[in-house]
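Just below is one structure, and these are the notes that go with it.
Below, each value reflects all heavy atoms present in this structure, side chains not excepted, and no hydrogens, waters or symmetry copies. Computed from a predicted structure; not experimentally measured. Letters go in sequence order (proteins before strands), and every chain restarts at 1.
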Number of protein chains: 2
Amino acid sequence: MEKQSVTIYTVAREARVSMATVSRVVNGNPNVKPETRQKVLDVIKQLNYRPNAVARGLASKRTTTVGVVIPSITDPYFAELALGIDDVASMYKYNIILTNSDSDDEKILKVVRNLLAKQVDGIIFMGHDVSDDLRNEFESTNTPVVVAGSIANDDNLPSVRIDYRAAAKEATEFLLTHGNQQVGYITGPLRYSINGTERLNGYKDALADHNVKFEQSLVVETDGSYQAGYAKTKDIIANGLKAVYVTDDSLAAGLLNGLTDAGVNVPADFEIVSSNDTNYTKLVRPMLTSITQPLYDIGAISMRLLTKLMDGDDNNDDEKNVILDHGFVERQSTRK
Amino acid sequence: MEKQSVTIYTVAREARVSMATVSRVVNGNPNVKPETRQKVLDVIKQLNYRPNAVARGLASKRTTTVGVVIPSITDPYFAELALGIDDVASMYKYNIILTNSDSDDEKILKVVRNLLAKQVDGIIFMGHDVSDDLRNEFESTNTPVVVAGSIANDDNLPSVRIDYRAAAKEATEFLLTHGNQQVGYITGPLRYSINGTERLNGYKDALADHNVKFEQSLVVETDGSYQAGYAKTKDIIANGLKAVYVTDDSLAAGLLNGLTDAGVNVPADFEIVSSNDTNYTKLVRPMLTSITQPLYDIGAISMRLLTKLMDGDDNNDDEKNVILDHGFVERQSTRK
DNA sequence: CTGAAAGCGCTAACAT
DNA sequence: ATGTTAGCGCTTTCAG
């Protein structure tokens with residue numbers, strides 16, 4: 001039983017109207033007499049007609065699909081953003097082409113070009129870095145792009161995020177006012193400005209406010225993964241650190257478990273503050289004290305912003321960089 | 001600076017060849033004289049020509065995109081499958097339209113219809129249940145579908161998975177031979193045959209082998225979430241249970257943390273075996289003893305199978321249901 | 001090895 | 001309110 005290809009033409013013929021009329025009822029154009037509309041609707045149902053989105057895309061130059069670039073689909077931070085993105089997208093009838101970038105510049109470029117070739121109406125970019133080639137790509141296309149949950153080194157791109165610097169400052173401050181003489185900065189790649197500039201500056205701001213000298217040796221750079229956190233444990237212990245601010249939850253979870261497995265009691269002998277408030281913070285024991293971010297909202301608002309840009313509302317320059325409120329929650333990885 | 005629309009026609013004109021020839025070189029058709037090919041390639045590069053995938057899709061009836069239906073992108077089990085899917089897909093030059101289904105029959109139907117309207121070349125379905133309407137949809141399309149990481153109640157659909165019944169039996173057996181007189185079965189929705197039939201039967205198989213009477217009261221049904229596991233803790237304690245087999249890692253993690261927070265010592269006073277070997281099992285403390293599954297491979301092989309089906313290799317009926325090997329790993333939620 | 005031409009299924013002026 | 005008619009940008013016979 002082969003699938004019969006029923007096209008708009010079949011419907012038109014069967015309903016004794018023109019293709020244009022069928023197109024009108026399918027697209028909800030009001031300029032159709034009710035009776036005609038009903039007749040067409042009946043035929044559509046009877047024939048089980050389904051508009052071909054590809055043909056529609058070619059003719060209308062709108063595909064109602066947006067591309068989403070995600071560093072890693074298994075990373076809880078980005079996955080939670082993706083949830084918000086997906087919900088709002090489906091609310092606005094957009095589909096999502098989701099592509100893993102593995103944070104690899106080559107691959108990112110490849111997937112973005114692919115997305116553009118597929119004529120996506122817009123792109124949500126999750127990632128911390130925009131290479132020169134990628135910037136070029138973004139600049140030479142009319143397809144709107146919004147950066148979600150990070151700061152990319154491209155000032156032209158709209159973004160939705162929190163104030164990472166302020167948040168990092170507060171987190172560090174919390175640790176400083178907890179009787180810690182020194183606080184470590186455990187981070188993902190510093191070449192990402194979110195880590196190497198924003199958060200690091202927030203960390204330094206706090207130190208300065210408390211008259212603590214910044215020590216480069218207390219900055220521990222990793223690739224940001226759980227494994228890296230776990231593996232760095234002994235270095236960090238050897239460092240003499242008793243309190244750290246960590247830029248990523250996976251990283252923090254790895255460190256926490258590493259410490260626990262090494263017999264270090266958190267929070268009694270070591271305090272940790274993390275950054276993203278993903279569910280990892282609640283999964284581990286002790287639960288991680290963390291900066292809180294409206295993750296779902298960041299995704300949702302990014303997508304909402306994108307819909308506006310796709311509709312051509314790129315007038316309002318105020319809205320270009322949306323900074324959402326963050327918070328802080330004390331859990332079990334810090335002392336009362 | 002508007003994006004110039006350089007089409008295949010522009011290239012043809014500039015290179016002084018026909019559109020057909022340009023199409024041939026773009027598609028790697030060997031029937032082109034080397035010099036001609038080079039000339040065209042030069043023009044393509046110079047003009048920065050990018051083929052429009054939508055037009056290509058309409059003309060060729062192949063979109064090189066596949067639809068992936070995922071119950072929840074933030075569920076570690078499905079996310080890890082998705083990783084394998086994505087890797088193999090990009091290996092075969094396919095893009096992925098990823099859609100959250102929220103395990104909601106209505107929404108699943110909607111997203112599948114959408115995928116079909118977008119003319120995806122194939123669909124990877126992750127989910128435990130195929131409604132009648134959905135079955136209908138699948139049966140009346142020529143678009144191949146493969147079920148990844150579950151058993152859907154539709155015998156016509158190819159699937160890639162492990163032997164859930166055997167795995168559940170082994171897990172239960174392990175607990176039984178550990179001196180536990182009774183073992184609980186903590187599960188996600190029983191209406192899913194993976195839980196209500198396969199795994200439950202494996203559990204019963206083990207009980208029967210050990211002459212333990214099956215007690216309905218030891219079967220605790222939940223929605224399968226972390227929250228549900230946490231919330232059910234006191235009921236499970238009240239039940240008198242000291243050992244349980246759990247059908248999902250999120251659920252198991254919730255229960256584990258619930259027990260710990262309630263002052264129950266795992267594994268000394270309570271043993272847990274989980275099912276999926278996601279990274280949740282290694283994140284929690286104590287780490288969860290679990291059935292192991294080749295999650296990445298399940299995704300990867302599903303996608304590989306799908307590529308074969310999309311190429312029309314639907315001859316080999318042996319390959320229709322791929323059962324991968326599973327294993328078992330003792331960690332810290334069970335006694336030595 | 002190359003070109004001409006007919007679509008793919010739909011939308012969007014433009015008429016009527 | 002409805003129909004006619006060009007395309008959208010590309011692939012794919014079919015000729016030559």
### Query
Any side-chain N or O of A:Lys61 under 4.0 Å from OP1/OP2 of D:dG9?
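The answer is yes; a side-chain N or O of A:Lys61 sits under 4.0 Å from OP1 or OP2.
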
### Message
When you measure from the side-chain N and O atoms of A:Ser18 to the phosphate of D:dG3, is any distance below 4.0 Å, counting only OP1 and OP2?
### Response
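Yes, because at least one side-chain N or O of A:Ser18 sits under 4.0 Å from OP1 or OP2 of D:dG3.
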
### Query
Partners of A:Tyr192 by ring pair (Phe, Tyr, Trp, His ring centres under 6.0 Å), sequence neighbours excluded?
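Result, ring pair (Phe, Tyr, Trp, His ring centres under 6.0 Å) vs A:Tyr192: A:His128.
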
List in chain and number order the residues that pass side-chain contact (heavy atoms from CB on, under 4.5 Å) with [X], two or more places apart in sequence or in another chain; answer none if no residue qualifies.
X       : result
B:Leu47 : B:Val6, B:Thr10, B:Val11, B:Glu14, B:Val43
B:Tyr92 : B:Val88, B:Tyr94, B:Arg304, B:Thr307
A:Ala20 : A:Ser18, A:Arg24

### Query
Base, sugar-phosphate alone, or nothing: which one does A:Val17 contact when heavy atoms must sit under 4.0 Å apart?
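Touches sugar-phosphate only.
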
### Message
For a quick check of understanding: with a heavy-atom distance under 4.0 Å over all strands, which category does A:Thr21 fall into, base, sugar-phosphate or nothing?
### Response
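Touches sugar-phosphate only.
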
### Query
When rounded to the nearest 0.5 angstrom, what is the spacing between OG in B:Ser150 and CZ in B:Phe125?
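Taking OG in B:Ser150 and CZ in B:Phe125, the distance rounds to 8.5 Å.
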
d([atom1], [X]; [atom2], [N]) in whole Å:
X       : N      : atom1 : atom2 : value
A:Ile8  : D:dA6  : CD1   : P     : 18 Å
A:Met19 : D:dA6  : CE    : P     : 13 Å
B:Arg24 : D:dT11 : CZ    : C1'   : 10 Å
B:Asn29 : D:dC10 : CG    : P     : 17 Å
B:Asn27 : D:dG9  : CG    : P     : 17 Å

Would you mind writing out the side-chain donor-acceptor pairs for residues 26-42 of chain A within the sub-3.5 Å range, not counting sequence neighbours?
{"from": "A:Asn27", "atom 1": "OD1", "to": "A:Arg56", "atom 2": "NH1", "distance (Å)": "2.9"}
{"from": "A:Asn27", "atom 1": "ND2", "to": "A:Ser23", "atom 2": "O", "distance (Å)": "2.8"}
{"from": "A:Asn27", "atom 1": "ND2", "to": "A:Ser23", "atom 2": "OG", "distance (Å)": "3.3"}
{"from": "A:Asn29", "atom 1": "OD1", "to": "A:Asn31", "atom 2": "N", "distance (Å)": "2.8"}
{"from": "A:Arg37", "atom 1": "NH2", "to": "A:Asn29", "atom 2": "O", "distance (Å)": "3.0"}
{"from": "A:Gln38", "atom 1": "NE2", "to": "A:Asp42", "atom 2": "OD1", "distance (Å)": "3.0"}

### Query
Excluding sequence neighbours, so at least two apart, what forms side-chain hydrogen bond (donor to acceptor under 3.5 Å, both in side chains) with A:Arg135?
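Scan of A:Arg135 (side-chain hydrogen bond (donor to acceptor under 3.5 Å, both in side chains), adjacent residues dropped) gives A:Asp132.
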
### Message
Using the side-chain hydrogen bond (donor to acceptor under 3.5 Å, both in side chains) criterion, which residues pair with B:Ser72? Sequence neighbours excluded.
### Response
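For B:Ser72 the side-chain hydrogen bond (donor to acceptor under 3.5 Å, both in side chains) partners, ignoring immediate neighbours, are B:Thr74.
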
### Query
To 10°, what angle do the rotation axes through the five end pairs on each side of the helix from C:dC1-D:dG16 to C:dT16-D:dA1 form?
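What I find for the helix from C:dC1-D:dG16 to C:dT16-D:dA1 is an axis angle of 30°.
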
### Query
What's the verdict on side-chain hydrogen bond (donor to acceptor under 3.5 Å, both in side chains) for A:Ser159 and A:Lys320, showing C-alpha distance, side-chain angles and the deciding distance?
CA-CA 7 Å; A:Ser159 69; A:Lys320 244 193 128 177; over 6 Å; no

### Of residues 31-56 of chain B, the positions that come close to DNA chain C - non-hydrogen atoms, cut-off under 4.0 Å
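Within this stretch, B:Asn31, B:Val32, B:Lys33, B:Thr36 sit under 4.0 Å of the strand.
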
### Query
What pairs of residues pass the salt bridge (charged side-chain N to carboxylate O under 4.0 Å, His left out) test when at least one of them lies in residues 91-106 of chain A, not counting sequence neighbours?
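For residues 91-106 of chain A, and leaving out neighbouring residues, the salt bridge (charged side-chain N to carboxylate O under 4.0 Å, His left out) pairs sorted by first residue read A:Asp102-A:Lys107.
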
#### Entry: Of all pairs that satisfy salt bridge (charged side-chain N to carboxylate O under 4.0 Å, His left out), the ones with a partner from residues 68-88 of chain A, not counting sequence neighbours
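Of all non-adjacent pairs touching residues 68-88 of chain A, none passes salt bridge (charged side-chain N to carboxylate O under 4.0 Å, His left out).
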
### Query
Which nucleotide of DNA chain C is the first, and which the last, in the 5' to 3' direction, to come under 4.0 Å of a heavy atom belonging to chain B?
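So the outermost contacting nucleotides come out as C:dC1 to C:dG9.
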
